[in-house]
2 protein chains.
Amino acid sequence: MVTESTRLSAQDWAKAALKAIAGGGLAAVAVEPLARTLGVTKGSFYAHYRNRDELITAALTEWARTHGDAGLAHFAAIADPAERLRELLTAVVRSVQPLAPSVHLSLLGDRNDPRVKDVVRQVNRARLDLLTRTYRELGLPPKRAESRARVAYAAILGLSHLAQTDPDAPRAAVLADEAAAIFLP
Amino acid sequence: MVTESTRLSAQDWAKAALKAIAGGGLAAVAVEPLARTLGVTKGSFYAHYRNRDELITAALTEWARTHGDAGLAHFAAIADPAERLRELLTAVVRSVQPLAPSVHLSLLGDRNDPRVKDVVRQVNRARLDLLTRTYRELGLPPKRAESRARVAYAAILGLSHLAQTDPDAPRAAVLADEAAAIFLP
DNA sequence: CCAATAGGATACGGTGCCGTATTGATACGC
DNA sequence: GCGTATCAATACGGCACCGTATCCTATTGG
């Protein structure tokens with residue numbers, strides 16, 4: 001735990017909210033239960049946010065920031081497109097393994113909430129753009145680069161989806177090979 | 001509306017529950033709101049189910065039935081594996097377009113609920129098995145058939161995910177071509 | 001046509017959560 | 001050290017939903 005100090009900050013509440021989202025969607029972002037897991041009463045929550053909605057917005061914004069362009073900077077900086085793509089794929093396959101609860105997947109359950117839809121669209125777009133650019137730099141014509149990126153990203157999302165429900169070890173190595181064979185050329 | 005008769009049945013409640021799930025996950029399965037949309041009061045609900053949990057279980061079971069082996073029967077009956085695969089892909093790409101709320105996606109938000117996890121695993125397994133079998137019949141060695149099926153199915157799931165948040169017309173034709181180019185050989 | 005029964009209406013108590021005071025404690029600038 | 005801002009505890013009213021109990025109505029089979 002990083003939060004070993006005595007008092008809580010707005011950030012702490014936002015992080016707790018994200019953890020709650022990963023576990024049970026927006027419905028799990030409830031002030032009183034969150035306060036209980038944080039070891040305080042809800043009274044102090046309203047010192048940081050005006051209401052539950054503000055907390056949700058803050059948490060979603062934080063997520064979009066760290067998972068959009070910001071989270072992609074490391075990969076975007078790789079000059080060689082082939083290596084960049086390889087890095088992206090292996091990073092994904094590695095991150096697919098752990099049963100780490102995924103905010104992204106949980107948000108699918110709340111995709112009707114306009115804020116959620118916005119934020120998910122943002123993150124998806126950032127990733128799709130990077131992938132599309134990469135495929136273009138690899139020589140694919142624009143149109144094909146775009147649809148190829150779309151299918152590849154879709155596969156990535158789907159794999160993380162399957163990893164959450166399937167208990168069978170997805171055998172990262174095998175999957176990485178398969179994904180590489182399919183999406184690298 | 002099919003339900004033009006006067007009185008409601010347990011099935012009607014289950015269908016309404018599924019619609020609610022597609023719209024807002026398990027949290028949206030609430031007796032009183034459902035009763036309101038059905039034009040009755042909740043008093044009559046308890047003539048069909050003992051409690052909310054029983055309704056949820058019934059709805060999930062119904063979904064698993066229609067989306068597992070039962071829903072795949074039509075495709076499983078196609079003898080030629082190449083044609084079967086093509087049919088599967090085009091069916092998917094076509095179904096990806098409409099913004100039809102998807103129960104499957106909404107359930108991702110509630111994947112921690114053991115009942116949900118079970119039912120999603122069931123459906124995924126049925127589809128993965130069919131795909132794996134198809135790839136084997138196309139000549140792939142068992143191991144590769146399995147991981148190929150996994151990636152292909154992941155792409156399918158991911159495409160339906162993207163279709164829900166992206167307003168850009170996913171250009172079914174383009175996607176179908178791309179998917180075919182990637183997953184057919 | 002008349003029970004018996006399945007579906008429906010109303011009303012009630014209980015629970016969990018939201019948001020608002022209000023008051024108390026603790027850090028920190030000065 | 002002292003006050004001021006910030007975090008925290010307690011207590012309250014309100015709302016939405018669950019589940020039960022009770023009574024009502026309309027089919028429907030005989």
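Just so we're on the same page: letters track the sequence lines, and every chain starts at 1.
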Reading DNA chain D in the 5' to 3' direction, which nucleotide is the first one with an atom under 4.0 Å from a heavy atom of chain A, and which is the last? D/dT6 to D/dA11
Ion pair check, B/Glu62 and B/Arg65, cut-off under 4.0 Å: yes
Is the shortest side-chain N to carboxylate O distance from A/Arg86 to A/Glu83 below 4.0 Å? no
Any donor-acceptor N or O pair under 3.5 Å, side chains B/Thr41, B/Arg36: no
Roughly how many Å is it from OH in B/Tyr49 to C1' in C/dG7, rounded to a whole number? 14 Å
Starting at CZ of B/Phe45 and ending at P of C/dG8, how long is that distance when rounded to a whole Å? 12 Å
Set of salt bridge (charged side-chain N to carboxylate O under 4.0 Å, His left out) partners for B/Asp69, sequence neighbours left out: none
Distance col, row A/Arg125:CZ vs A/Leu130:CG, nearest 0.5 angstrom, shows 13.0 Å
Tell me the side-chain hydrogen bond (donor to acceptor under 3.5 Å, both in side chains) pairs involving residues 43-60 of chain B, sequence neighbours left out? none
So does B/Asp118 pair up with B/Arg121, basic N to acidic O under 4.0 Å? yes
Produce the list of close N/O pairs, under 3.5 Å, pairing protein atoms with atoms of nucleotides 9-16 of chain C; give distances to one decimal.
from: C/dA9; atom 1: OP2; to: B/Thr41; atom 2: N; distance (Å): 2.7
from: C/dA9; atom 1: OP2; to: B/Thr41; atom 2: OG1; distance (Å): 3.1

Using atom CZ of A/Arg50 as one end and atom P of C/dT20 as the other, report the distance to the nearest whole Å. 10 Å
Quick one: closest heavy-atom pair of A/His161 and B/Asn124, and the distance? NE2-ND2, 3.9 Å
Per-nucleotide protein contact string for nucleotides 25-30 of chain C (B base, S sugar-phosphate only, - none; heavy atom under 4.0 Å): -BS---
DNA chain D: A/Ala10 or B/Asn51, which has the more 5' nearest nucleotide? A/Ala10
Hey, are A/Thr132 and A/Asp129 close enough side-chain-wise for a donor-acceptor pair under 3.5 Å? no
B/Arg84: partners by salt bridge (charged side-chain N to carboxylate O under 4.0 Å, His left out), with sequence neighbours left out: B/Glu137
For A/Val29 and B/Trp13, find the nucleotide of DNA chain C closest to each by heavy atoms; which residue's nucleotide sits nearer the 5' end? B/Trp13
Which pair of non-hydrogen atoms, one from A/Ala20 and one from A/Ala28, has the smallest distance, and what is that distance? O-CB, 3.4 Å
